[in-house]
Every structure is written in C-alpha cells, then in structure tokens.
Amino acid sequence: MKEQKTKDLKIYNTLSGTKEYFTPIHDDHVGMYVCGPTLYSEPHMGNMRTFINFDLVYRYLLHLGYKVKYVRNITDAGHITNSAGEQEDSIGEAARLEQLQPLEIVYKYNVRFQNLQKTYNLLPPTIEPTATGHIQEQIEIIEKIMENGFAYEVNGSVYFDVQTYQKSFNYGSLSGRKVEELENETRDLNAQGEKRFFADFALWKKANDNDMQIWRSPWGDGNPGWHIECTAMSTKYLGETFDIHGGGLDLKFPHHEDEIAQSCGSSGKTPAKFWMHANMLNVNGKKMSKSLGNFFLPQEIVEGSTALFDKAYTPNVLRLFMMQAHYRSTLDLTQDALNASEKGLTRLTEAMETLKNMAVSEKSSIDVISLVNSFYDAMNDDFNAPILVAKLFDAVKKINLIRDGKDSISKEDQKLLFTEMSGFILDVLGLTFESDHKDNRLNPVMELVLELRQQAREKKDWTTSDLIRDGLKKSGISVKDGKDKTSWQ
RNA sequence: GGUCUCGUGGCCGAGUGGCUUAGGCACCGGUCUGCAAAACCGGUUACAGCGGUUCGAAUCCGCUCGAGACCUCCA
C-alpha cells in the first residue's frame, strides 16, 4: 500500500508557490535540511512548533518507506546582527549576562533542547552539526564564492556582492523580492557601513575588541556571517543539491534567500529542490517571540507553571493541538483550544483501546479500505495533518458504533484498521498512548478505594459512595462510572 | 513607507467554483446511570462588508474595512 502511495505525495514548494509532486533525487533516499535553534536561550513553544512540524514531515517520509537523512543544525556561534557591527551577537550577550563563556551558554541550552526533544517526542535528526564545528568548511565556501567573483574583502571582513551576483543569478527568487525594489523597502538605510551595496551581506566579519568568540581566517581574526553555516553544513552532509530545505517562515528572508545566493555563488547550484516554510505560533493573534515577551516555554506548559494557563498539559496534548492546524497556517495558542485537544486526545486514545479489544463479525459494514486511504490522501496533500486528524476521528465514530452494535467489522478489517491507525497516530503524528496512571503506589490504593465504594453502592449506601466520590473530587481525582467498571482520572 | 498573507459558526481550525452537515471543543436533545459526572449517539449555528464574473462562489476578480508577517535578530 505504501509503495503506491509514495508517488502521490505533493509538497508545497515556496520556490514555485505551488504544490508539486515529490520525487527524491536519489531513488528512495531523501536529504532534508532544517534550520535549527540558536542556543542563546531556551527554545520557546513557537520554536518548538517548527521543529514539531518538520518532525511530522520526517516521520511521514519514513512512514512511506523513504530512507531519510535529516540534518538540523545547532547554531552555537553568535552573529553580529547588523552590518555596522554595532549590536552584540546574541550568544555573546547572553554569556555576558549570565557571566559564562559562550560555549557554556550554548551547552547549557543545548542540554535543555535535547531534553525538550525527548519530552515532545521528536525523533532525533540523523545529524545535528554545530556551526563552531564547521568553521573551516565555512571559510572554504567563502573562498569559493570569492574565487567566483561574488564576494569582496574590506578591512578584514568579507561581503557577498549582490550586484555582481545579479548579473548571473536572480537574488530574491525565493521570497519574491526584486533587488531594485528592496532598496525602497529597507527601513534603515544607514546600516550600509563598509558594504558596497545596501543588499550585500556579511560572509565573514572582522573581530571586535569585545567579541568572545573569535576564529582565524585568511582575512584575519573574526567570525562567520549569519547565513554561511547552513550552506557549509548542508553541502557537507547532503551535497550541493538535496531534496528538502525547511525552516520557520521568518527565516525565508533574508536567511534562506542568502543561503541560495551562497550556494549559487559557490557551486552554481540552487541547494534544495523543495523549500518548505512552517508558519508561526501566535498568542492572541500575534507571533510568539522572545522580544515581545509573549512566549511560553515548552517545559512550563508541561509543568503547568505558566501564568496564563491554570493547568498543565501533556506533550501529547500540545502535539495533537499543533497537528490540528496545517503547518503553513498560523496557529493561535489559547487555553480553550488546548482543552479541546485534551478532550479529543482522550477520545482518540480510548477508541484505540476499544478497537484493540473489539468483538469481530463475519463481515464489515464499514469501508475500512477507503477510511485508511483517506489517511494517506490527507498526508499526501502537503502533509495535511488536520485532515488526517479529522479522518481519524471519523474512524473513532465508526469504532464506537461498532462497539454499540450498530456497525460491524471483520477480523481482517479490525486488524488492518488498528495497524494503520496506530501507525498514523504513533509513528506519523508522534503521539503516545501512555497511561495516565503512572504512580505505582497510588494505583493499588485507588483500586481499594473504588472497591469500597462499589461495595457501598451494592448495598445502596449512597451516603458512603458519594462521600468517597466527593472526597476524591477535592483532591483532583474524578471517578468515572463505566458500564462494567469504574475508572478514575 | 515597501512587499506579502489572512479574515470561516461560541472557541480552535480544515476546505478553494456546484452534497465537505470537514474535524475537535462548547452548547442543546437522547441513551446509560441510584443521582451526578464520564462515555456513547443525534442535532443547531458560518463563510468580514459591498460590487462584479459565472447557470452556480466561502472558493475567481475589484473595492472597503480589519488583523498579521517580512523588509533588523527571530522557528
């Protein structure tokens, strides 16, 4: 089934602005590069959304049977943020604030980031290369660009020469910008500094006196420009051209545009066939961002320690919530929406339990094949996870109807449906079916308490049974009387 | 100021020319239950406004209003 589904995958390509059928460059091998975090602080939930979305992409490609090489970089070298070199680099600034060395900062936040990946059930990329580990590769790419005449040195710094580049290539092809219009768009025209042209960007920046990270180069001591690390590392691990390049929408311009320029300027080739951009996570309609201060830390949400939410949510809830919106749409993070996903997750989980232990019939009254096909069709349409989730809930409704005897399912169909639903829920969406009852000491106690209540109920001693129920309620445990047995949560 | 995107029912959020009642949650009705909750089934509510194209538009075009993103570090 998967083989015939593989060729139907369509991906929205930012380069063309349309959905295109996806065919890997090398048979069933896929090369994917995604821009990772700059580790000057703990990644917030907005950052996580992008990583979760590309985790979905990675997981579905694997599910289809592709062999995927997934490279996601760690930016551990700070970059001077404007061309005049006035602002401190982000990592250096954090290092000063926390009175640590830059690599201590990076290491500290990398440990947290790795933990977050486990918490949110992100599959580890094939490689997570660091910028500081690839300074030499970056220098070599810069030298190639200079050899090709698309860069120039000024006073120990090297800049990409956009005007010369324009004669052979088209700067702005990804973001749909035109160089001649860019000048009018630029808000700050005073930041030209040493550059020949306002749109030129730094490939290498001469060290300042207060720089905490400095490397040697043919042009003297300094540090690499903002965009060159991605070009160096994607080239090293995936080659000059590879299948998919992903990142947050806010990196489209100038970061990804400059990556394309650097690749074309060095190898003459556009690096990726498909460019994918994940949209932003919003809070009250505004992009979650560090500078606005409207961010939640992924760990805080799980711990229930955010000021805006009055309770904790599991990583599963957050994942399902994000999967209910398409990766190219903005998504508003609200407590109501999280509550909705939380309830939905319970329903989905319980239906899977029902399906697993379901009584089967001779024949099916439902069309399992077309149900399963709808899962693939959803994901093949540019990874449309919200449609997939909707189809899964359609299946949930069927499962419940079968359980109630209003529909029936054959043994083969039951097995197929369970396998496919499990595959999509666990492997593709990355959810887990962990039990809520993790406390091994509490479990036997609750069993005992509920047994006592059951005995009271059998004696019609409602006073005692309600006393137990209400008492548990006060400690946050709700009792659910099912048809056969009583459960708790 | 420039470029671009979006505006769907109480909330989140799919859909992009003609039955999608998308889906989740909430709400209402029912089943179940000692009661309540839970669970399950069923149901209601929409396409920012105005105009145009079309046999037909939430979907295409124009205008108005509103929101957001990028142009500076950003996932």
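Every chain is numbered from 1, with letters handed out A, B, ... down the list of sequences.
- In this structure, A:R403 atom CZ and B:U31 atom C1' are separated by 12 Å, rounded to whole Å.
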Q. Can you check ring-ring contact (aromatic ring centres under 6.0 Å, His included) on A:H134 and A:Y237, steps first, answer last?
A. CA-CA 11 Å; A:H134 298 76; A:Y237 296 107; 5.5 Å; yes
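- Counting any heavy atom pair closer than 4.0 Å across all strands shown, A:H277 reaches no nucleic acid atom.
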Q: Output, in order, the C-alpha distance, side-chain angles, deciding distance and verdict of side-chain hydrogen bond (donor to acceptor under 3.5 Å, both in side chains) for A:T330 and A:D332.
A: CA-CA 7 Å; A:T330 55; A:D332 235 72; over 6 Å; no
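- For A:K311, the NZ atom sits in a packed shell: over 12 heavy atoms of surrounding residues, nucleotides or ligands are nearer than 6.0 Å.
- Relative to the side chain of A:L401, the nucleotides B:A36, B:C41, B:A75 differ in distance, and B:C41 lies closest.
- Between A:N223 and A:D211, the side chains place a donor N or O and an acceptor N or O closer than 3.5 Å (distance only, hydrogens not considered).
- As rounded to whole Å, 12 Å separates atom P of B:A14 from atom CG of A:D382.
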(Q) I'd like to compare against my own output: the B/S/- annotation of nucleotides 16-27 of chain B with a strict under-4.0 Å heavy-atom distance to protein. (A) ------BSBSS-
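- To the nearest whole angstrom, the two P atoms, one in B:A37 and one in B:A58, are 40 Å apart.
- Straight-line distance between the P atoms of B:U44 and B:G29: roughly 15 Å, to the nearest whole Å.
- Taking only side-chain nitrogens and oxygens, A:K286 comes nearer than 4.0 Å to OP1 or OP2 of B:G68.
- For the segment residues 453-462 of chain A, the set of residues with a heavy atom within less than 4.0 Å of an atom of RNA chain B comprises A:R453, A:R457, A:W462, in numerical order.
- Donor-acceptor pairing under 3.5 Å is recorded for the side chains of A:S341 and A:Q324.
- Applying side-chain hydrogen bond (donor to acceptor under 3.5 Å, both in side chains) to A:K19 and the options A:D381, A:N13, A:D382 leaves one that passes, A:D381.
- Residue contacts for A:F54: at a heavy-atom cut-off of 4.0 Å it reaches no nucleic acid atom on any strand shown.
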**Q.** Pairing pattern in dot-bracket form [Watson-Crick, G-U; both distances under 3.5 Å; | = partner strand] for RNA chain B
**A.** (((((((..(((.(...[.)..))).(((((.......)))))....(((((..]....))))))))))))....
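- Distance noted for atom C1' between B:G49 and B:A57: 16 Å (whole Å).
- In this structure, A:Y40 places its OH atom 10 Å from C1' of B:A75, rounding to the nearest Å.
- Within 4.0 Å (heavy atoms only), A:T330 reaches sugar-phosphate atoms of the nucleic acid but no base atom.
- Rounded to an integer number of Å, the gap from A:R177 CZ to B:U5 P is 12 Å.
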Q: Check the pair A:S41 / A:K290 against side-chain hydrogen bond (donor to acceptor under 3.5 Å, both in side chains), numbers first and verdict last.
A: CA-CA 9 Å; A:S41 65; A:K290 196 93 183 159; 3.2 Å; yes
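- Taking the C1' atom of each, B:A75 and B:G52 are spaced 41 Å apart, rounded to whole Å.
- Rounded to whole Å, atom C1' of B:A14 lies 10 Å from atom NE2 of A:H326.
- No side-chain donor-acceptor contact under 3.5 Å links A:N443 and A:E447.
- Across the C1' atoms, B:G15 and B:U53 are found 22 Å apart, a figure rounded to whole Å.
- Of the side-chain N and O atoms in A:N282, none sit less than 4.0 angstrom from OP1 or OP2 of B:A67.
- With hydrogens and angles left out, the side chain of A:N400 and the base of B:A39 share no donor-acceptor pair within 3.5 Å.
- There is no side-chain donor-acceptor pair under 3.5 Å between A:Q163 and A:Q166.
- Rounded to a whole Å, the NZ atom of A:K480 is 21 Å from the P atom of B:C32.
- In the set B:G34, B:A75, B:C11, the nucleotide with an atom closest to the side chain of A:R469 is B:G34.
- Test A:F295, A:F51, A:Y109 against A:H44 for ring-ring contact (aromatic ring centres under 6.0 Å, His included) and you get one pass: A:F295.
- Taking atom C1' on both B:C41 and B:G56, the two are 36 Å apart, rounded to the nearest angstrom.
- The aromatic ring centroids of A:F424 and A:Y376 lie less than 6.0 Å from each other.
- Residue A:G176 is out of contact with every strand shown, counting any heavy-atom pair closer than 4.0 Å.
- Candidate nucleotides B:C12, B:G34, B:G68 were compared by shortest atom distance to the side chain of A:L331, and B:C12 ranks first.
- In this structure, A:R319 contributes its side chain and A:N121 its backbone to a donor-acceptor pair below 3.5 Å.
- Donor-acceptor pairing under 3.5 Å, judged by distance alone, is present between the side chain of A:D466 and the base of B:G34.
- Distances from the side chain of A:K287 to the nucleotides B:A69, B:C71, B:C12 place B:A69 closest.
- A:G285 comes within 4.0 angstrom of the backbone, heavy atoms only, and of no base.
- Distance noted for atom P between B:G42 and B:G23: 11 Å (whole Å).
- A:D55 and A:R72 are not joined by a salt bridge, as no carboxylate oxygen comes within less than 4.0 angstrom of a charged side-chain nitrogen.
- A donor-acceptor pair under 3.5 Å is formed between the side chain of A:R49 and the backbone N or O of A:N279.
- A:V34 comes within 4.0 angstrom of no nucleic acid atom, judged by non-hydrogen atoms across all strands.
- Residue whose closest nucleotide on RNA chain B sits further toward the 5' end, between A:D332 and A:K473: A:D332.
- A:S329 comes within 4.0 angstrom of sugar-phosphate atoms only, judged by non-hydrogen atoms across all strands, and of no base.
- Open room surrounds CG on A:N284; 12 or fewer heavy atoms of other groups in view lie less than 6.0 Å from it.
- Taking atom P on both B:U16 and B:C61, the two are 14 Å apart, rounded to the nearest angstrom.
- Side-chain proximity of A:T38 to the nucleotides B:C41, B:G34, B:A75 is greatest for B:A75.
- Spacing between atom CG of A:D404 and atom C1' of B:G42 amounts to 13 Å, rounded to whole angstrom units.
- Residue A:A325 is classed as a sugar-phosphate contact, given heavy-atom separations below 4.0 Å to backbone atoms only.
- In this structure, A:M48 reaches neither bases nor backbone, as no heavy-atom distance under 4.0 Å exists between it and the strands shown.
- As a whole-Å value, the separation of A:N384 CG from B:G13 P is 14 Å.
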